[in-house]
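Structure, as structure tokens:
If you read the sequence from its start, that first residue is 1, and numbering goes on from there.
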Amino acid sequence: MADPTPSDAAKDAAARAAVALVEDGMRLGLGTGSTAVFMVHRLAERIRAEGLRLRCAATSRATCELAGQLGIQIEELDAIGWLDLTLDGADEIDPDLNLIKGGGGAHLREKIIAAASDRMVVIADPTKVVEQLGAFHLPVEVLGFGVEATRIHIQRLLDAMDLSQRPMLVRQRDGAAFRTDEGNLILDLSLECIPDPAALARGLNAVPGVVEHGLFLNMCQLALIGSPDGSVIELTRTEDLT
Ligand code: 5RP
């Protein structure tokens with residue numbers, strides 16, 4: 001088998017460290033994305049090796065399918081009710097462990113699952129760690145109905161926040177508008193930087209037609225950042241250290 005790329009080795013290191021946090025009997029949320037794929041594989045290995053009894057909910061159809069292929073039984077979140085721990089990837093992680101998520105278009109279910117968890121642990125390679133959120137596009141899931149009106153509302157909000165003239169594109173895949181697991185569209189906002197993520201999150205939450213945005217603020221308690229050499233750095237919120 002070919003050697004893993006440095007990026008894959010870093011993701012796998014973070015995934016292993018995250019799966020080491022799992023204890024028998026836990027109710028788990030399983031994230032989405034390429035780093036989460038490593039995590040689901042490592043989790044399946046532990047389940048096979050140790051016979052862990054877990055109850056798992058998935059943040060996307062893709063994760064549900066992968067888990068099923070690896071013998072991990074996935075239940076509806078409502079059947080489990082509440083989760084002990086969610087393990088998920090991120091597109092950006094700032095020093096307060098605020099996140100941008102939704103690069104894979106799954107941030108609606110990801111946020112519902114993370115918000116229904118006692119603890120959210122994020123896994124990533126070092127490229128995801130930033131000083132300020134916003135270089136990665138901010139995904140905003142919107143209803144197809146009235147998408148143009150929703151776009152105008154968001155544009156006005158950005159103008160009011162001195163974030164005007166920023167591109168806002170309907171996400172495409174295979175030559176057509178990308179549809180989320182819920183059948184909605186995604187507007188990707190190229191903001192360059194987000195000086196006040198909390199104000200932007202509040203503004204987006206108030207726009208009719210916005211289903212969910214990719215700002216995950218004050219939701220993550222720990223980030224595990226893997227390196228290609230297999231080492232892992234633990235990041236905790238700066239406010240938790242004071
Ligand atoms: C999907 C997500 C992913 O967790 C995020 O995009 C990170 O993905 P990857 O691990 O592939 O970089 O939010 O909606």
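- At a threshold of 4.5 Å between non-hydrogen side-chain atoms, the residues Leu21 and Leu222 count as touching.
- For Arg151 and Glu148, the salt-bridge test passes: some basic side-chain N is under 4.0 Å from an acidic carboxylate O.
- Between Ser7 atom OG and Asp12 atom CG the span is 11.0 Å, to the nearest 0.5 Å.
- The shortest side-chain heavy-atom distance between Leu66 and Gln69 falls under the 4.5 Å cut-off.
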Before giving the answer on side chain to side chain contact (heavy atoms under 4.5 Å, CB included), spell out for Val121 and Thr86 the whole-Å C-alpha distance, their side-chain angles and the decisive distance to 0.1 Å.
CA-CA 6 Å; Val121 173; Thr86 282; over 6 Å; no

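- Within a 6.0 Å radius of CD in Glu50, other residues, nucleotides and ligands contribute more than 12 heavy atoms.
- With respect to the salt-bridge test (charged N to carboxylate O, under 4.0 angstrom), the residues Arg237 and Asp96 do not qualify.
- The environment of Ile233 atom CD1 is sparse: at most 12 non-hydrogen atoms of other residues, nucleotides or ligands sit within 6.0 angstrom.
- Here the side chains of Pro197 and Asn98 are not in contact, with every heavy-atom distance at 4.5 Å or above.
- With contacts defined as side-chain heavy-atom distances shorter than 4.5 Å, the pair Arg119/Asp84 does not qualify.
- The local environment of CZ in Arg156 is sparse, with at most 12 non-hydrogen atoms from other residues, nucleotides or ligands closer than 6.0 Å.
- With hydrogens and angles ignored, the 3.5 Å screen pairs no side-chain donor or acceptor of Asp125 with any backbone N or O of Gly226.
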I'd like to know whether Glu45 forms a salt bridge (charged side-chain N to carboxylate O under 4.0 Å, His left out) with Arg42, so could you lay out the CA-CA distance, the side-chain angles of the two residues, the decisive distance to 0.1 Å, and finally the verdict.
CA-CA 5 Å; Glu45 284 173 6; Arg42 294 300 175 193; 2.9 Å; yes

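- No continuous path of hydrophobic side-chain contacts links Phe136 to Val129 [ILVMFWY only; heavy atoms under 4.5 Å].
- Cluster membership check: Ile112 does not share its hydrophobic cluster with Leu99, using side-chain heavy-atom separations under 4.5 Å among Ile, Leu, Val, Met, Phe, Trp and Tyr.
- Between Ile80 and Leu28 there is no side-chain heavy-atom pair separated by less than 4.5 Å.
- Linking ILVMFWY residues whenever their side-chain heavy atoms come closer than 4.5 Å, directly or via other members, leaves Val130 and Val122 in distinct clusters.
- Heavy-atom contacts from other residues, nucleotides or ligands closer than 6.0 Å to CG of Asp229 number more than 12.
- A donor-acceptor pair is defined here as one N or O able to donate and one able to accept, closer than 3.5 Å; no such pair exists between the side chain of Glu141 and the backbone of Pro139.
- A cation-pi arrangement is present between Lys101 and Phe216 under the rule of less than 6.0 angstrom and at most 45 degrees off the ring axis.
- Each of Ile100 and Met219 belongs to its own hydrophobic cluster when Ile, Leu, Val, Met, Phe, Trp and Tyr are linked at side-chain heavy-atom distances under 4.5 angstrom.
- Counting only N and O atoms by type, the side chains of His137 and Asp91 include no donor and acceptor under 3.5 Å apart.
- Not one N or O on the side chain of Ser227 forms a donor-acceptor pair closer than 3.5 Å with the backbone of Ala10.
- If you take CG on Asp162 and CG on Asp196, they are separated by 11.5 Å, rounding to the nearest 0.5 Å.
- Leu85 and Leu54 fall within a single hydrophobic cluster, where Ile, Leu, Val, Met, Phe, Trp and Tyr are joined by side-chain heavy atoms under 4.5 Å apart, directly or via other members.
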